[in-house]
Amino acid sequence: MASVIVYDAIRAKVEADWSDTPVSWPNEAFDPPAGDHWIALEFEGRLWSQESIGGGDPAEERWDENGCIWVHSIAPIGVGERTQRLNATNFINMFRGTEIGAIEFQDCEIAAGGADDDGSWWRITGRIDFVRK
């Protein structure tokens, strides 16, 4: 799970800069738009990765947080995935190669699509890696 520092920074950027589709945030009420596209986000993080050794006191060492944002571009089954790929690409490009304070956004990818468990929605998943130093 990503730290609240990373979560808050990402949320502020998305709320300020993203207007292409509605966004579903983890564990918050959300009504998918009928017949339309939307983005669902998940966060993964590794707290903490020691990046310096030998200082003696652990509080004096450098500890980085590494993780990723999972970006799910979702649409009803049968509408094709071109728009979903465009939405995922545009969302990822909002972060690719940027920094928010000590958070650096790095490698990104878009994976293959797939249907949800009940067959109502089609999902394209992207990933944005980050490190917070």
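Every value quoted in this text rests on a predicted model; they were computed, and no experiment measured them. Atoms considered below: every heavy atom in the structure, side chains included; atoms not considered: hydrogens, waters and symmetry mates.
None of Ile10, Asp129, Val71, Asp17 except one satisfies the side-chain contact (heavy atoms from CB on, under 4.5 Å) rule with Phe95; the exception is Ile10.
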Donor-acceptor pairs are to be reported for all side-chain atoms of residues 18-25 against protein atoms at under 3.5 Å, with residues two or more places apart or in another chain.
{"residue": "Trp18", "atom": "NE1", "partner": "Thr21", "partner atom": "O", "Å": "3.1"}
{"residue": "Trp18", "atom": "NE1", "partner": "Thr21", "partner atom": "OG1", "Å": "3.2"}

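Counting heavy atoms from C-beta outward, Ile124 and His72 have side chains that stay 4.5 Å or more apart. You'll find the side chain of Ile39 reaches within 4.5 Å of the side chain of Leu41, heavy atoms only. Side chains of Glu99 and Phe105 form no contact here, defined as non-hydrogen atoms less than 4.5 Å apart. No side-chain heavy atom of Glu42 sits under 4.5 Å from any side-chain heavy atom of Ile69.
Cluster annotation: Phe43 and Ile92 are assigned to the same hydrophobic cluster (Ile/Leu/Val/Met/Phe/Trp/Tyr, side-chain heavy-atom contacts under 4.5 Å, transitive). Linking Ile, Leu, Val, Met, Phe, Trp and Tyr residues whenever their side-chain heavy atoms come within less than 4.5 Å leaves Ile74 and Phe91 in two separate clusters. A continuous path of Ile, Leu, Val, Met, Phe, Trp and Tyr side chains, each step under 4.5 Å between heavy atoms, connects Met94 with Val6, placing both in one hydrophobic cluster.
Separation of atoms NZ (Lys13) and OG1 (Thr98) is listed at 5.5 Å; rounding is to 0.5 Å. In this structure, the separation between CG on Leu86 and NE2 on His37 is 9.5 Å, given to the nearest 0.5 Å. One finds the CG atom of Asn87 at 12.0 Å from the CD atom of Glu81 (value rounded to the nearest 0.5 Å).
Residues forming a side chain to side chain contact (heavy atoms under 4.5 Å, CB included) with Ala9 (at least two apart in sequence, or on another chain): Ile100, Ile103.
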Check against side-chain contact (heavy atoms from CB on, under 4.5 Å), Glu65 and Ile5: CA-CA 10 Å; Glu65 174 183 4; Ile5 294 167; 5.5 Å; no
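For the residue pair Thr125 / Arg123, a side-chain donor-acceptor distance below 3.5 Å is found, with atom types taken as modelled.
Ion pairing of Glu104 with Arg96 is absent here, as no side-chain N (NZ or NE/NH1/NH2) approaches a carboxylate O to less than 4.0 Å.
When atom types are taken as modelled, the side chain of Asp116 and the backbone of Ser120 share a donor-acceptor pair closer than 3.5 angstrom. For Gln84 (side chain) and Trp122 (main-chain N/O), a donor-acceptor pair under 3.5 Å exists by modelled atom type.
Closest of all the heavy-atom pairs between Lys133 and Asp64 is CA-OD1, 3.4 Å. Closest approach of Trp121 to Pro32, counting heavy atoms only: CZ2-CB, 3.5 Å. Arg127 and Cys68 get closest at one heavy-atom pair: CG-CB, 3.6 Å. For the pair Asp36 and Pro76, the tightest heavy-atom approach, listed with the atom from each and the gap, is O-CD, 3.5 Å.
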